[in-house]
Protein chains: 2
Amino acid sequence: MTGTGSGPRDRTRTAQPRRGRADKATAIVQAACQVFGRDGYSRAGIDAIAAQAGVSTRTIYNHFPGGKAELFRSVMRWSSERVRDEQLAQLRRYLDLERPPHPADLERDLLALARAWVGLMTDFRDHFALVRHIYAEAGHIPADVLDAWQETGPRAVGGEVTSTMAALDELGLIDVHGDPAQATVHFMALISAEITQRSYWGVSPLPQEEADRLTAAGVRVFLRAYGSAG
Amino acid sequence: MTGTGSGPRDRTRTAQPRRGRADKATAIVQAACQVFGRDGYSRAGIDAIAAQAGVSTRTIYNHFPGGKAELFRSVMRWSSERVRDEQLAQLRRYLDLERPPHPADLERDLLALARAWVGLMTDFRDHFALVRHIYAEAGHIPADVLDAWQETGPRAVGGEVTSTMAALDELGLIDVHGDPAQATVHFMALISAEITQRSYWGVSPLPQEEADRLTAAGVRVFLRAYGSAG
DNA sequence: TCACTTTTGCAACGCTCGTTGTATGTTACC
DNA sequence: GGTAACATACAACGAGCGTTGCAAAAGTGA
């Protein structure tokens with residue numbers, strides 16, 4: 001059927017809605033984030049990404065001459081920077097060290113931060129799905145790409161949280177037992193562990209109130225272990 | 001070289017070492033566990049699995065008529081049962097509820113269990129790599145297969161640990177604050193969170209002493225939060 | 001030694017998919 | 001309005017891979 005030999009003649013079909021031209025790149029990256037997050041690198045097809053972006057296959061190669069690999073790298077950078085900025089914004093919003101919280105308000109603020117972060121898991125579901133694929137396929141991603149991603153993404157956020165933990169320790173609001181970095185990891189683990197487990201790592205999301213309950217429990221446990229009285 | 005047209009004539013090559021015949025099936029599953037864990041479902045090739053198992057491609061299809069999909073399901077079952085049995089064995093070894101620990105020995109026993117479990121992560125590296133792929137590709141695995149896996153694997157272990165937590169609570173050794181399942185999740189998260197993070201989810205393993213230190217820290221934090229005094 | 005099962009090598013099919021070239025159509029800018 | 005940059009449709013190539021059939025070879029057991 002492909003060889004009817006009709007040639008480029010019957011191009012009568014009246015143009016799909018053509019938009020701008022520079023934002024195509026971001027549309028492609030955004031669509032690629034969805035498809036890579038859903039299917040992973042190997043399973044994800046260029047055609048699927050093109051369809052999702054409302055763009056022709058050829059356009060992808062025009063914007064990303066490196067093909068699938070370059071596109072994936074771009075998605076990693078774009079998505080992790082976006083989420084990192086959002087996470088840091090929430091951190092500064094709920095734990096502004098210029099105006100440290102009253103001891104009585106510490107749990108409230110930590111809980112607000114935790115809820116905001118857990119909310120980001122559903123707001124940026126594609127991103128976290130992509131992250132799962134990244135860790136699963138870490139052995140097939142060039143080391144420098146992996147390192148650069150870790151540096152600008154998770155490690156940047158972790159560093160900021162660690163600074164915050166250290167500051168809270170200085171203020172006597174918590175007791176990090178000499179290791180603010182460890183307190184950071186434990187905090188993040190406690191607020192997300194049960195949710196990620198119960199929701200199949202985000203595959204089947206939990207009702208809001210249930211997620212809130214589990215988050216609050218994590219914060220309480222953190223404070224039992226790291227509260228200044230503990 | 002394959003297309004010399006010589007036909008099946010020059011079969012002079014003197015037979016590779018032929019072994020038994022029934023254990024080929026387990027050899028295939030074991031090899032498939034390695035390859036699936038390393039490469040994931042899509043990337044893993046039947047040829048690679050056959051080579052790893054020291055078996056011809058055709059033999060795989062003789063043992064698993066369902067092809068790649070059936071083989072993957074068999075690997076999921078086989079691997080998770082193996083690890084589950086090992087985890088349960090360690091649990092009963094270090095926390096035998098027939099002979100509950102002295103309060104003074106609780107931390108020692110919890111730490112021993114935690115270290116044993118963390119050790120399994122390296123002993124069964126292929127399995128945990130496979131698990132990462134399972135979670136990343138959960139959307140592409142039939143729901144019943146996923147559920148059956150969860151049931152016989154993680155949930156079985158979690159249930160046993162939860163029973164243990166409840167029993168320790170009854171004995172006044174810890175205080176689960178009314179939710180032993182939550183204590184279980186938090187325990188597992190705390191003992192493994194920093195290790196999985198620092199070791200790139202197991203891609204670049206940590207030195208033994210470092211892993212021990214982080215595990216011990218996790219256990220201490222757990223006891224600060226869930227100790228009967230807390 | 002002789003049937004019978006299992007394993008193997010090999011070729012081939014069919015399909016998917018990444019990638020590229022090219023001619024045509026469309027949009028933006030001056 | 002004309003020109004240059006950008007997008008699209010289409011076709012095609014090539015490689016990889018899952019899968020199957022088949023006949024030779026090797027092991028197994030009486």
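FYI, side chains are in, hydrogens and waters are out, and symmetry mates aren't considered; it's all heavy atoms of this structure. By convention in this document, chain letters (A, B, ...) are assigned in the order of the sequence lines, proteins followed by strands, and residues within each chain are numbered from 1.
In this structure A/Trp149 satisfies the ring-ring contact (aromatic ring centres under 6.0 Å, His included) test together with A/Tyr135, sequence neighbours excluded. A/Tyr94 pairs by the ring-ring contact (aromatic ring centres under 6.0 Å, His included) definition with nothing, not counting sequence neighbours. Scanning for side-chain hydrogen bond (donor to acceptor under 3.5 Å, both in side chains) contacts around A/Asp96 gives A/Arg99, with sequence neighbours left out. With sequence neighbours excluded, the residues satisfying salt bridge (charged side-chain N to carboxylate O under 4.0 Å, His left out) with B/Glu137 are A/Arg43. The salt bridge (charged side-chain N to carboxylate O under 4.0 Å, His left out) test applied to A/Arg84 returns no partner, not counting sequence neighbours. Partners of A/Phe124 under the ring-ring contact (aromatic ring centres under 6.0 Å, His included) rule, at least two apart in sequence or in another chain, do not exist in this structure. Evaluation of the ring-ring contact (aromatic ring centres under 6.0 Å, His included) rule for B/Phe128 yields no partner, not counting sequence neighbours.
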Just list the side-chain donor-acceptor pairs under 3.5 Å for residues 181-189 of chain A, sequence neighbours left out, or say none.
| from | atom 1 | to | atom 2 | distance (Å) |
| --- | --- | --- | --- | --- |
| A/Gln182 | NE2 | B/Glu194 | OE1 | 3.1 |
| A/Thr184 | OG1 | A/Thr162 | N | 3.4 |
| A/Thr184 | OG1 | A/Thr162 | OG1 | 3.1 |
| A/Thr184 | OG1 | A/Pro180 | O | 3.0 |
| A/His186 | ND1 | A/Tyr226 | OH | 2.8 |

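Salt-bridge annotation for B/Arg115 and B/Asp212: present, with a side-chain N of the basic residue lying under 4.0 Å from a carboxylate O of the acidic one.
The base of C/dG9 lies outside donor-acceptor range of the side chain of B/Arg58, with no N or O pair under 3.5 Å.
Taking atom CG of residue B/Leu71 and atom P of nucleotide D/dT19, one finds them 10 Å apart after rounding to whole Å. The interatomic distance linking B/Asp23 (CG) with C/dT6 (P) rounds to 13 Å, in whole Å. For the pair A/Ile60 CD1 and D/dC6 P, the computed distance is 17 Å after rounding to whole Å. D/dC17 atom P lies 12 Å from atom CD1 of B/Ile49, rounded to whole Å. Nucleotide C/dT8 holds its P atom 9 Å from the CG atom of B/Asn62, rounded to whole Å.
The shortest distance between side-chain heavy atoms of A/Val219 and A/Leu190 does not fall below 4.5 Å.
Sorted pairs that involve residues 69-78 of chain B and meet salt bridge (charged side-chain N to carboxylate O under 4.0 Å, His left out), not counting sequence neighbours, are lacking altogether.
Distances shown here put a side-chain N or O of B/Thr59 below 4.0 Å from the OP1 or OP2 atom of C/dT8. For the OP1/OP2 pair of C/dT27 and a distance below 4.0 Å, the side-chain nitrogens and oxygens of A/Lys24 include no atom meeting the criterion. The phosphate of C/dT6 (OP1 or OP2) has no side-chain N or O of B/His63 nearer than 4.0 angstrom.
For the segment residues 31-40 of chain B, the set of residues with a heavy atom within less than 4.0 Å of an atom of DNA chain D is empty.
Comparing the axis of the opening five pairs of the helix from C/dT1-D/dA30 to C/dC30-D/dG1 with that of the closing five pairs yields an angle of 30°, rounded to 10°.
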Expected rows: protein N/O vs nucleotides 17-19 of chain C N/O, under 3.5 Å:
| from | atom 1 | to | atom 2 | distance (Å) |
| --- | --- | --- | --- | --- |
| C/dG18 | OP1 | A/Ala44 | O | 2.9 |
| C/dG18 | OP1 | A/Lys68 | NZ | 2.9 |
| C/dG18 | OP2 | A/Ile46 | N | 2.9 |
| C/dT19 | OP2 | A/Tyr61 | OH | 2.8 |
| C/dT19 | OP2 | A/Lys68 | N | 3.0 |

